[in-house]
Every structure is written in C-alpha cells, then in structure tokens.
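Input: a single structure, listed below in structure tokens.
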Protein chains: 2
Amino acid sequence: MAPSQRQIEEREARKQRILDGALNVFKANGIEGATMDHIAQESGFGKATLYYYFKSKEDVFSEILEAGWKNIWESLEPIIADQGSPRNSFIKLLIKIAEIAQARPGLFEFLFNAPKTIKLENQPWKEYQHRLYGVIQGLLEDGVREGEFPKINPELMFKALGGLFMGLVFMGDKKDPVSEKDVEKLLNQLITDPNYSSN
Amino acid sequence: MAPSQRQIEEREARKQRILDGALNVFKANGIEGATMDHIAQESGFGKATLYYYFKSKEDVFSEILEAGWKNIWESLEPIIADQGSPRNSFIKLLIKIAEIAQARPGLFEFLFNAPKTIKLENQPWKEYQHRLYGVIQGLLEDGVREGEFPKINPELMFKALGGLFMGLVFMGDKKDPVSEKDVEKLLNQLITDPNYSSN
DNA sequence: TTGTTTTTCGAATTAGTGGTCGAATATTAA
DNA sequence: TTAATATTCGACCACTAATTCGAAAAACAA
C-alpha cells in the first residue's frame, strides 16, 4: 500500500528532526565528535532508528549539505537573475550570504567545514556550490572587464574574497557577529570602485 | 649518569624525525587519517617507540604546533621590531608570512587547521599566536589612527584580512601557489592608502 | 668484559564507533 | 478484530586506533 500523504510528511519531519540533532551535535562537538550515538540521543531516537531513516552516517551529513546548499542557492537565485552592474550584484550577493550565514551559523559553518572532513564523490550539493562559485567568478570577471573593480586577476581575487568572507563569518572567537552594515561598508571600502571617488 | 650532549642531540633528532613523519602523514591523509601506525611507519620507528618519545598522539601534534608557531614568531620578530609606518610593517609582515607558508605549505596548513580539530587548553603555541594577532591588531589600529588605512573598525578588518590571507594561502584547489608579488599587489590595491594616490 | 641505561618494538589491551539483528511495539487498512 | 506494515530500539558485532606491556637488543661506562 502506498503510504498516505500524512505518513510521508511525518516521516519527513522525523528525518528532519534527526538532521537537526546531527547539526546540534556537530555544533557542540565538532565534526569529529559527532557520533551516531550522540545524534541518536540528541534527536530523541534509538541509534538503530537512525539507520531506518538514513543509510549511513555519511548519508546524514550528505543530506544536511544537500539541503543547506540548495537553500543557499535558491535564496541567491533572485539576486543573480536580477540584472545590474556586476559590482552591485556582487555586493548584494555577499550581503545576502552573510544574512543566511547569520541566520543559521551552525549550518553555515558545517556547510563549509564538513566537506574537508567527509570527502566523497557524487555529492549532489557540489553542483550548487560549483554553480555559485561560477557565478561569483563571472561577476568578478565582468566587473574587472567593465572597470568596476581594480584590475586584479579575478581568480586571485576570488580566492582572496572567499577567504575574506569566510574570515568575516568564522574567524576569531566569534564574539560579535558581523552585521550586514559592516560587510557592506567593508566591501565598499576595500573594493574601491575606481570609477567613483565618493561612495 | 647524565646523558651526553651528543645523546641529547640524537634524541632530539629522532623526535624531529617523528615529527616530520607525522607532518607527512597529515599532509597525505588529512588530520583525521593521521594514525600513530602511519606515523610510525612513515618515520621508520615501531609504534611503541613513538610513545617513548611522546606522551600521546596529541603531544606529537602539540609539539609540531609549538615549533611551528615559534618559528613563525621568530621569523617575524625582526620585522615587528623594525620601526616603520604601520602600513608598511603590515604589508611586510604579510609578505613574510606568505613566504613562510610557501616554504612549508604542509606545516602552515597544519598550523591553522589542526587547532580546530585537536582542541586543548594550555597549548603553549597559543601564546605565539596571540602575540602575533596582537601585533597585527595593533598595526591595524595604528594605521587607521594615522590615516594609512581606510577608517574601518580594526577588529573587523583584522578578521577580514585574516580570512583573506588564509584564502590566499589555502583556498581553492591550490593549483598555482600565490606569489609574493601577488600578495603585495593585491594588498596594495585592496588596502588603498588614502594618503597617496600613486603607489 | 660486564653490569647499567637507553632505545626499540611486536603483541596485547582498551576504548570507541559505525553499523546490524531480531524482537517488540505502534499504526494502518480491511 | 486482525493481519499486514511501519517504526523503534537495546544488544551485539566487527573493526579501528590509541595506548601499554614486557622483554630484548643497542649503546654506554667501568
């Protein structure tokens, strides 16, 4: 018998509960300290039950990554579609990302740190990541070409800004989170638009 | 009987050999894949012997961190002592760090990544790290005060530049390493000195 | 030489950890 | 009510990896 809609939703909700638990455990104990036992306890299921819903530990993390990146991509899509100057789109993009990161810091950190530890092929979320990186690269290239950014090798700039951004979000002992205003101001000042002297 | 000078040196050399092996294993397998068995094999000792020289696995990593940070600090000290404009010292500092990072990329990456995984108190290397961060913060504060940098909250700038720099050194698939020239150019362009328009 | 100290390491031991089993316990549909 | 079906989980298994043991080989000093 095909399971009813309600059943499906409940099952999905249970999966989500496990996913949330996993993220909590990760946040508390680091990606290494996140054991299935902990996750089971945190999410309120027996360990074996986790395996009823997920094929493996990796599968759990995989789904977090997938959902996380998908969400990021979808939040960013409108900004990307929105035609505007590269520089402007770029800044809007970063601000939006900061917003997302601020909203769920644990998730965001996981999204960027977990891959270093987990390592696997055929990760569907990589598709989103690549797309996003591609867009950013393109924005930088266009911006440099149109003279909106200083003339720096875009790839280098990408790396640097990637690091910069990660730094903003993660670095230090995360006392005070960085506000949108901060990001905007910082970017506006660092990435001086050569065309306009006041801004 | 007190061990002779030569004995002490040989022992020290053996420890170093183990440390090097550990770093190799780390570089090859990531910080998680670095097992004592691997390290033993890589460094050419029996596993139990590692424990003759080091109290624990953590101790091994701890000593790498310690030596690494100490070395960085000592390489940087002359630049720090050297009186000059904050902006200039700052750039020289970063370039020097890039140099060090380039010379021993594995070590450098370890220095910045391991702490996230290992986590422990009373790590003597933290002292060096704090000192260095303090100096950089100071440089930024002075620079902003003296109008050599754009007026941005120095702490924020510190985080951002920290991330930026890490990005330069680590991020991406580390195809082509970033040259000093790149760093210098990038910094010169990003951190525009408001006082001089040509540079 | 020879007794002592230093160094070495294979073989346990120990502590976890991911994953599985099989038996309950609910839930559902007829 | 009842026979499936879905869900749950404690106990277990297999394996990995850090750490320890105990004895032996080297190096050393007398």
Side-chain angles (χ1 to χ4, degrees), chain A residues 1-26 28-65 110 114 117-120, chain B residues 1-65 114 117-120:
Chain A
M1 213 128 309
S4 76
Q5 183 59 29
R6 196 208 81 240
Q7 272 173 312
I8 293 177
E9 279 171 18
E10 280 186 359
R11 181 147 62 195
E12 214 52 43
R14 271 173 246 138
K15 283 187 74 168
Q16 192 54 52
R17 190 178 285 250
I18 293 172
L19 258 23
D20 290 345
L23 203 51
N24 278 344
V25 173
F26 159 75
N29 305 25
I31 197 150
E32 289 313 314
T35 71
M36 288 303 259
D37 281 291
H38 282 157
I39 296 174
Q41 188 169 358
E42 177 73 21
S43 58
F45 290 97
K47 178 162 63 155
T49 304
L50 303 193
Y51 287 89
Y52 178 76
Y53 290 98
F54 297 93
K55 195 151 62 71
S56 65
K57 179 185 182 182
E58 195 180 284
D59 190 36
V60 172
F61 287 136
S62 211
E63 293 215 19
I64 296 178
L65 257 355
F110 182 83
T117 308
I118 296 191
K119 296 215 178 193
L120 255 208
Chain B
M1 212 130 309
S4 78
Q5 183 58 29
R6 197 209 78 240
Q7 272 173 311
I8 293 176
E9 279 171 18
E10 280 186 359
R11 180 149 59 195
E12 213 51 43
R14 271 173 247 135
K15 283 187 74 167
Q16 192 53 52
R17 191 178 284 252
I18 293 172
L19 259 23
D20 290 345
L23 201 51
N24 278 344
V25 173
F26 159 74
K27 200 163 13 179
N29 305 24
I31 198 150
E32 288 314 314
T35 71
M36 290 303 259
D37 279 292
H38 282 156
I39 296 173
Q41 187 168 0
E42 178 73 21
S43 57
F45 289 97
K47 180 164 54 160
T49 303
L50 302 193
Y51 285 88
Y52 178 75
Y53 290 97
F54 297 92
K55 195 152 59 74
S56 67
K57 181 184 180 181
E58 194 181 283
D59 190 36
V60 172
F61 287 137
S62 209
E63 293 216 17
I64 297 179
L65 257 355
T117 308
I118 296 191
K119 295 214 179 192
L120 255 208

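Remember, it's a predicted structure, so these values are computed and weren't measured experimentally.
Take B/Glu32 and apply the side-chain contact (heavy atoms from CB on, under 4.5 Å) test, not counting sequence neighbours, and it matches A/Glu32, A/Thr117, B/Thr117. Every salt bridge (Lys or Arg N to Asp or Glu O under 4.0 Å) that A/Lys15 has, sequence neighbours left out, goes to A/Glu63. Residues forming a salt bridge (Lys or Arg N to Asp or Glu O under 4.0 Å) with A/Glu42 (at least two apart in sequence, or on another chain): none. Every residue two or more places apart in sequence or in another chain that forms a side chain to side chain donor-acceptor pair (under 3.5 Å) with A/Gln16 is listed here: A/Asp20. For B/Asp37, the salt bridge (Lys or Arg N to Asp or Glu O under 4.0 Å) partners at least two apart in sequence or on another chain are B/Lys47.
Listed pair B/Thr49 / C/dC9 meets the phosphate criterion, a side-chain N or O lying under 4.0 Å from OP1 or OP2. Within the 4.0 Å cut-off from OP1 or OP2 of C/dT7, at least one side-chain nitrogen or oxygen of B/Tyr52 is found. Using a 4.0 Å cut-off, some side-chain N or O of B/Arg11 falls inside it from OP1 or OP2 of C/dT7. Under 4.0 angstrom from either OP1 or OP2 of C/dT7 there lies at least one side-chain N or O belonging to B/Arg14.
Distance check, rounded to the nearest 0.5 Å: CD of A/Gln41 to OG1 of A/Thr35 gives 9.0 Å. Taking OH of A/Tyr52 as the reference point, atom CD1 of A/Ile18 lies at 11.0 Å (rounded to 0.5 Å). In this structure, A/Thr49 OG1 and A/Phe54 CZ are separated by 12.0 Å, a value rounded to the nearest 0.5 Å.
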Under 4.0 Å protein heavy-atom contact, by nucleotide of nucleotides 11-23 of chain C - B base, S sugar-phosphate only: ------SBBBB--

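Note on the helix from C/dT1-D/dA30 to C/dA30-D/dT1: terminal axis deviation equals 0°, with five pairs used at each end and the result rounded to 10°.
Here B/Phe54 lies out of heavy-atom contact (under 4.0 Å) with every strand.
Of the residues in residues 18-28 of chain B, none has a non-hydrogen atom less than 4.0 angstrom from any atom of DNA chain C.
The aromatic rings of A/Phe26 and A/Phe110 lie perpendicular to each other, with more than 60° between the two planes, well past the 30° mark.
Nearest heavy atom pair, residue A/Leu50 against residue A/Ser43, reads CD2-OG, 4.1 Å. Taking all atoms of both residues into account, the shortest heavy-atom contact from B/Ala22 to B/Ile64 is CB-CD1, 4.0 Å. Nearest heavy-atom pair across B/Val25 and B/Ala34 is CG1-CA, 3.6 Å. For A/Gly21 against A/Ile39, the heavy-atom pair with the smallest separation is C-CG2, 4.5 Å.
Between B/Phe45 atom CZ and D/dA18 atom P the separation is 18 Å, expressed in whole Å. Protein atom CZ of B/Arg17 is 14 Å distant from nucleotide atom C1' of C/dT7, rounded to whole Å. When the C1' atom of D/dC9 is taken as reference, atom OH of A/Tyr53 falls 12 Å away, rounded to whole Å. Taking atom CD of B/Glu9 as the reference point, atom P of C/dT6 lies 17 Å away to the nearest angstrom.
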Could you go over nucleotides 26-28 of chain D and give all protein N or O partners under 3.5 Å, atom names and distances?
{"residue": "D/dC28", "atom": "OP1", "partner": "B/Arg6", "partner atom": "NH1", "Å": "3.3"}
{"residue": "D/dC28", "atom": "OP1", "partner": "B/Arg6", "partner atom": "NH2", "Å": "2.1"}

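Each side-chain hydrogen bond (donor to acceptor under 3.5 Å, both in side chains) pair with one or both residues in residues 53-62 of chain A, not counting sequence neighbours, appears once here: A/Arg14-A/Tyr53, A/Ser62-A/Gln123.
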